[in-house]
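A short write-up of the structure that comes next.
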There are 2 protein chains.
Amino acid sequence: MPRTVDHRQRRAGICDALVRTAARDGLHAVTMRSVAAEAGVSLRLVQYYFATKGGLMHAALLHLEEHSHRRWNERLAALPSPAPARARLHAFVAEAVPDDEESRVFHLLWTSFAVLAMTDPALAEQPFVSGPERLERQLADLLEEARTDGSLPADRDPALEATRLLALTHGLGTDVLTGRLTPDRARAVAEYHVDRVLDGQPAP
Amino acid sequence: MPRTVDHRQRRAGICDALVRTAARDGLHAVTMRSVAAEAGVSLRLVQYYFATKGGLMHAALLHLEEHSHRRWNERLAALPSPAPARARLHAFVAEAVPDDEESRVFHLLWTSFAVLAMTDPALAEQPFVSGPERLERQLADLLEEARTDGSLPADRDPALEATRLLALTHGLGTDVLTGRLTPDRARAVAEYHVDRVLDGQPAP
DNA sequence: ACCTTCATGATACAGACGTATCATGAAGGT
DNA sequence: ACCTTCATGATACGTCTGTATCATGAAGGT
């Protein structure tokens, strides 16, 4: 057998290049050639590791989602253990608001793909749906746990609250990326929301 | 002077064609030629009425926003007058959740443009920012009014609640269009949210 | 030493796109 | 009747895109 390179690593490098390109110029600016240039390889190599553009996109999306999932778990692990549900919900908010470049990129890409999925049924089967759904289940579990330990009022519906929180953070993320909101303002709104959900409001 | 057609009407017709095309195939499928075909005119005519593609996009966006604004006001006008703030907030929720084709199209296009604006500073000056900001002010006014008449607890911040409500509905809209949520479910979440905001929650 | 297989380069091809150019009906002022 | 101006058609140009093809180092098994 002739010389063999690490395909996994090559593919990851190219996926990273795609993500950087899309983050800088938008997903519409992602072409085989622009990705190749960003990765510092020839067009042929991108073709070699990803036969088709669709395959490249798909792989990059998985790459991105895995990356984000790892980041979220690292943030959870960084919390003093055992962390109360409230702390973990605030960690979620901190992770969900695009303040640093990495989460900004993630939100941009995710929304870009989501928009494509709105008119492409084939794309709608991809992780835009499975990724957030897993996250939503995690949030629902977290809220269920909060209800058990008493920090969430008993009459709340964890599943509905999870859906609401996720939709809110998605909306806030979009507002931040379009420049309508500062990250600080978005974080303030999201944290206010979490506190309202957990504590309810004092009766008049 | 030779025969003269109604330029305003022609332009509106072409903008409608763009909107239909984008609604069916996505904004990335909008080309001078596809819009011309959808409008049933020649490519030259699209060029004639909109010198550049950027101009066409811009005009279509204004067209869309005006359309949506009119729709929202019509819905408000259809309410028995004087409608209490709560009723108008629920009307907003009903309008914001993409259930019929028209609001589905609006949400899709708005999000598509918002995604483009995330990497194009020139686009970010367009009505993605001014449109929602006007809406947010309207909502804030509505909530201020609700606070005055007592349906919103006095310790709530109308501006923050407006931001929160708007972000939530945007997020829910996206979830509906990607098929993650049914319109009914999204509406339920949004109405639950409005009720929570207005009434607070009973003390434990 | 050689041959097979992996990895990469160079280049070509067909189509679509935005834009520009040239031409031509059509209608009203003079 | 004619001529200017508006409105529209046909078509061409250059560029970019995804994909395909042909060629060639490089390395290990035999």
Side-chain angles (χ1 to χ4, degrees), chain A residues 1-22 24-61 109 112-113 115-116 119-120 122-123 126, chain B residues 1-22 24-61 109 112-113 115-116 119-120 122-123 126:
Chain A
M1 287 173 197
R3 130 192 95 121
T4 280
V5 301
D6 185 343
H7 275 225
R8 219 175 315 240
Q9 178 183 335
R10 285 266 191 220
R11 290 168 61 96
I14 293 177
C15 284
D16 278 334
L18 186 153
V19 168
R20 284 197 305 274
T21 303
R24 187 175 358 100
D25 305 323
L27 192 59
H28 62 275
V30 166
T31 70
M32 297 277 150
R33 285 167 176 87
S34 66
V35 171
E38 175 73 31
V41 300
S42 73
L43 167 62
R44 181 66 181 85
L45 275 230
V46 180
Q47 283 188 277
Y48 183 71
Y49 289 105
F50 304 92
T52 165
K53 187 184 180 183
L56 171 58
M57 294 287 219
H58 186 201
L61 189 57
L109 269 286
S112 299
F113 274 109
V115 163
L116 290 186
T119 50
D120 185 343
L123 262 183
Q126 308 293 111
Chain B
M1 288 174 196
R3 131 191 94 119
T4 280
V5 300
D6 185 344
H7 274 226
R8 221 176 314 242
Q9 178 183 334
R10 286 269 189 214
R11 289 168 63 95
I14 293 176
C15 284
D16 278 333
L18 186 153
V19 169
R20 283 196 306 274
T21 303
R24 186 173 0 99
D25 305 323
L27 193 58
H28 62 276
V30 166
T31 71
M32 296 277 150
R33 286 168 175 86
S34 67
V35 170
E38 176 72 32
V41 301
S42 74
L43 167 62
R44 181 65 180 88
L45 274 232
V46 180
Q47 283 189 278
Y48 183 72
Y49 289 105
F50 304 93
T52 164
K53 186 185 180 181
L56 171 59
M57 294 288 218
H58 186 201
L61 188 58
L109 269 286
S112 299
F113 274 110
V115 164
L116 291 185
T119 50
D120 186 343
L123 262 184
Q126 309 294 109

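Here is how names work: the chains are called A, B, and so on, in the same order as the sequence lines, proteins then strands, and each is numbered from 1. As the structure is a computational prediction, the values presented were derived from the model and not from experiment.
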C:dA20 P sits how many Å from B:K53 NZ, rounded? 15 Å
Expressed in angstrom and rounded to an integer, what is the separation of B:F50 atom CZ from D:dT8 atom C1'? 16 Å
Euclidean distance, atom NE2 of residue A:H28 to atom C1' of D:dT17 [Å, nearest integer]: 14 Å
What does A:H7 touch in the nucleic acid at a heavy-atom separation under 4.0 angstrom: a base, only the sugar-phosphate, or nothing? sugar-phosphate
Nucleotide C:dG18, atom C1' - distance to CG of B:L43 in whole Å: 9 Å
Heavy-atom distance under 4.5 Å between the side chains of A:D120 and A:F113, does that happen here? no
Distance-only donor-acceptor test (3.5 Å): side chain A:R44, base D:dT19: no
Please report the distance, rounded to the nearest Å, between CG in A:L45 and P in D:dT19. 16 Å
For the pair made of CG in B:L56 and C1' in C:dC17, what is the distance, rounded to whole Å? 14 Å
Taking the nucleotide of DNA chain D with the closest heavy atom to each, which residue, B:V5 or B:R33, is nearer the 5' end? B:V5
Please determine, for D:dG25, whether a Watson-Crick or G-U wobble partner exists with both distances under 3.5 Å, and give it or none. C:dC6
Considering only heavy atoms from C-beta outward, does the side chain of B:L116 approach that of B:L27 to under 4.5 Å? yes
Does a nitrogen or oxygen in the side chain of A:Y48 sit under 4.0 Å from OP1 or OP2 of C:dC6? no
Under 4.0 Å: is that the gap between some side-chain N or O of B:R10 and OP1 or OP2 of D:dA7? no
At less than 4.0 Å, is any side-chain N or O atom of A:S42 found next to OP1 or OP2 of C:dG9? Yes or no. yes
Can you check whether B:V5 reaches B:Y49 side chain to side chain, under 4.5 Å on heavy atoms? yes
CG of B:L18 versus C1' of C:dG18: gap in Å, rounded? 15 Å
With a 4.5 Å cut-off on side-chain heavy atoms, are B:H28 and A:T119 touching? yes
Taking B:K53 for the side chain and B:Q47 for the main chain, is one N or O donor matched with an acceptor at less than 3.5 Å? no
Pairing partner of C:dT30, by Watson-Crick or G-U wobble and under 3.5 Å for both distances, is D:dA1
Can you measure B:Q47 atom CD to D:dA7 atom C1' for me and round it to whole angstrom units? 14 Å
Given D:dT19, is OP1 or OP2 found less than 4.0 Å from the side-chain N or O atoms of A:T52? yes
Complementary nucleotide for D:dT15 - Watson-Crick or wobble, under 3.5 Å: C:dA16
